[in-house]
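Along the sequence shown, residues carry numbers from 1. Worth knowing before you read on, the calculation uses all heavy atoms, side chains too, and leaves out hydrogens, waters and symmetry mates.
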Amino acid sequence: MVEMRAFRDAVGEWASGGPGGPAGEPAGQLADRLGIRTAVLLEGLSDLAAVEALAERRGRDLAAEGVCVVSMGGAMSVGRYADILGPSGLGLRLTGLCDERERSYFDRAMERAGAPRGDVFVCAADLEDELIRALGTAAVEEIVGTEGDLRAWRTFLHQPAHHGSPRHRQLRRFLGTKKGRKIRYGRLLVEALEPDQVPAPLEDLFASV
């Protein structure tokens, strides 16, 4: 796991304009040594937390399977990551998860990198929305209370801007109102899922790796 983090850090530095070297060093060396064959491209850290939580629940060691899950810091970075990691870069198979509104960025990036576009799985709004719908709003509100966020949630609901919105949309917006909350709940919501409640985009992603 430590070495996989080192690989992700090296790729992140390279994607940010840092040194990569003509053969992708040091990221290329790490990829070879770790036996990485697939890179899963995710928009952010909350998606990463959810994917890692589901892998743990299913007893899968993605790193040992040669799968690296990468948080790109936003969909706008997908072109750079796909170029670095995909067939035209380090030669890894690419797959990923994105929001519907970001699908065009992923499609263009995959096509340019020479990777199949069908290996990207799409959430209707975002992964948090998919998880809230899968669990149901009552179950999510119960988790909010268990986590000690009930007072903040009630304060949020009293704000005029959120009056009249569907409950699942209110919850989705609430998760994004404090730094780190989406990441924490990305894991918590996955841990609360029953096996048959896993949203289709997430289920399809796991079936592909």
Side-chain angles (χ1 to χ4, degrees), residues 1 4-5 7-9 11-12 15-16 36 38-58 60-63 65-82 84-86 92-110 113 115-135 140 143-144 147 168-169 171-193 197-209:
M1 180 62 75
M4 188 62 78
R5 287 198 195 99
F7 174 73
R8 290 197 298 223
D9 289 345
V11 170
S16 299
I36 300 173
T38 299
V40 179
L41 304 181
L42 303 174
E43 291 187 42
L45 291 172
S46 61
D47 299 328
L48 177 63
V51 168
E52 289 183 336
L54 186 57
E56 290 174 15
R57 283 197 62 180
R58 293 184 169 180
R60 292 189 62 178
D61 185 342
L62 295 179
E65 295 175 25
V67 178
C68 179
V69 186
V70 180
S71 168
M72 302 181 296
M76 296 298 224
S77 299
V78 65
R80 183 64 174 148
Y81 277 87
I84 288 171
L85 296 169
L92 305 182
R93 174 177 171 262
L94 298 180
T95 184
L97 191 71
C98 72
D99 307 343
E100 178 61 44
R101 64 182 178 274
E102 315 293 2
R103 183 173 191 167
S104 61
Y105 297 114
F106 274 72
D107 284 349
R108 286 195 297 271
M110 298 290 273
R117 293 191 301 177
D119 285 343
V120 174
F121 304 98
V122 182
C123 301
D126 55 24
L127 184 53
E128 288 77 26
D129 183 70
E130 296 277 358
L131 292 170
I132 291 166
R133 288 178 180 275
L135 285 166
V140 177
I143 295 169
V144 168
E147 289 299 303
H168 74 273
R169 190 174 300 167
L171 282 162
R172 175 173 165 250
R173 289 178 177 171
F174 173 72
L175 297 186
T177 57
K178 182 179 178 181
K179 185 177 180 180
R181 183 178 282 155
K182 280 181 68 173
I183 300 170
R184 179 161 57 98
Y185 277 89
R187 171 171 287 276
L188 290 168
L189 297 184
V190 167
E191 290 175 345
L193 291 170
Q197 289 180 314
V198 177
L202 193 55
E203 189 67 74
D204 292 342
L205 175 69
F206 266 76
S208 77
V209 296

K.L.:
So that I can tick it off, tell me whether R181 and E147 are bridged by a salt bridge, with the cut-off set at under 4.0 angstrom between side-chain N and carboxylate O.
P.N.:
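Answer for the salt bridge query: no.
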K.L.:
State the OG1-NZ distance between T177 and K182, to the nearest 0.5 angstrom.
P.N.:
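Nearest 0.5 Å value for the OG1-NZ distance: 11.0 Å.
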K.L.:
On a heavy-atom basis, which atom in V120 and which in F106 lie closest, and how many Å separate them?
P.N.:
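Smallest heavy-atom distance, with atoms named: CG1-CD2, 3.8 Å.
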K.L.:
Begin from the C-alpha positions of V140 and H168 and carry the test side chain to side chain contact (heavy atoms under 4.5 Å, CB included) through to its verdict.
P.N.:
CA-CA 9 Å; V140 177; H168 74 273; over 6 Å; no
K.L.:
For the side chain of T95 and the backbone of D119, is there at least one donor-acceptor N/O pair under 3.5 Å apart?
P.N.:
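The answer is yes, because a donor-acceptor pair under 3.5 Å joins these two groups.
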K.L.:
Taking side-chain contact (heavy atoms from CB on, under 4.5 Å) as the criterion, tell me which of L94, V67, L62 meets it with T38.
P.N.:
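Going through the options one by one, the only one that passes is V67.
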K.L.:
Do R58 and F206 meet the cation-pi criteria used here (NZ or CZ under 6.0 Å from the six-membered ring centre, within 45° of the axis)?
P.N.:
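Yes, a cation-pi geometry.
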K.L.:
Looking at D129 and R133, is any side-chain nitrogen of the basic one under 4.0 Å from a carboxylate oxygen of the acidic one?
P.N.:
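Judged by the 4.0 Å cut-off on N to carboxylate O distance, R133 and D129 do form a salt bridge.
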K.L.:
Quick check for you: to the nearest 0.5 Å, what is the distance between L85 atom CG and L92 atom CG?
P.N.:
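Nearest 0.5 Å value for the CG-CG distance: 5.5 Å.
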K.L.:
Rounded to the nearest 0.5 Å, what's the gap from CD on E191 to CD on E56? Could you check?
P.N.:
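Between E191 CD and E56 CD, I get 7.5 Å after rounding to 0.5 Å.
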K.L.:
What heavy-atom pair brings E203 and V198 nearest, and what distance separates the two atoms?
P.N.:
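Looking at all heavy atoms of both residues, the closest pair is OE1-CB, 3.6 Å.
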K.L.:
Quick check: do L97 and C123 have side-chain heavy atoms less than 4.5 Å from each other?
P.N.:
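With C-beta onward as the side chain, the pair touches.
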K.L.:
Write down the atom of D107, the atom of R117, and the distance for their closest heavy-atom approach.
P.N.:
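Looking at all heavy atoms of both residues, the closest pair is O-CD, 3.3 Å.
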K.L.:
What are the two closest heavy atoms between L193 and A134, and how far apart are they?
P.N.:
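Looking at all heavy atoms of both residues, the closest pair is CD2-CB, 4.0 Å.
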K.L.:
Please confirm whether the backbone N or O of D99 pairs with a side-chain atom of E43, one donor and one acceptor, at under 3.5 Å?
P.N.:
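Indeed, once roles are kept as given, a pair shorter than 3.5 Å links the two residues.
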K.L.:
Using atom types as modelled and distance alone, determine if a side-chain donor or acceptor of R57 lies under 3.5 Å from a backbone N or O of V190.
P.N.:
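The answer is yes, because a donor-acceptor pair under 3.5 Å joins these two groups.
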K.L.:
Is the number of heavy atoms from other residues, nucleotides or ligands within 6.0 Å of OH (Y105) greater than 12?
P.N.:
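Open.
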K.L.:
Measure across F7 and C68 and return the closest heavy-atom pair with its distance rounded to 0.1 Å.
P.N.:
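Result for this residue pair: CD2-SG, 3.5 Å.
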K.L.:
Using a 4.5 Å cut-off on heavy atoms from C-beta on, say whether the side chain of L131 contacts that of E128.
P.N.:
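Contact flag for E128/L131 side chains = no.
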K.L.:
Answer whether the closest heavy-atom distance between the side chains of L175 and L189 falls below 4.5 Å.
P.N.:
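With C-beta onward as the side chain, the pair touches.
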K.L.:
Do D126 and E100 have side chains that get closer than 4.5 Å, going by heavy atoms?
P.N.:
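They are not in side-chain contact.
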K.L.:
Test your reading of the model: is there a side-chain donor-acceptor pair from R8 to the backbone of V69, 3.5 Å cut-off?
P.N.:
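Looks like yes, one N/O pair under 3.5 Å.
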K.L.:
Roughly how far apart are R60 CZ and L54 CG, rounded to 0.5 Å?
P.N.:
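Between R60 CZ and L54 CG, I get 9.0 Å after rounding to 0.5 Å.
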K.L.:
Mind listing the closest non-hydrogen atom pair of A82 and A109 along with its distance?
P.N.:
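Smallest interatomic distance, heavy atoms only, reads CB-O, 3.9 Å.
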K.L.:
Quick one: are S208 and V40 in side-chain contact, heavy atoms under 4.5 Å?
P.N.:
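Counting from C-beta outward, S208 and V40 never come under 4.5 Å.
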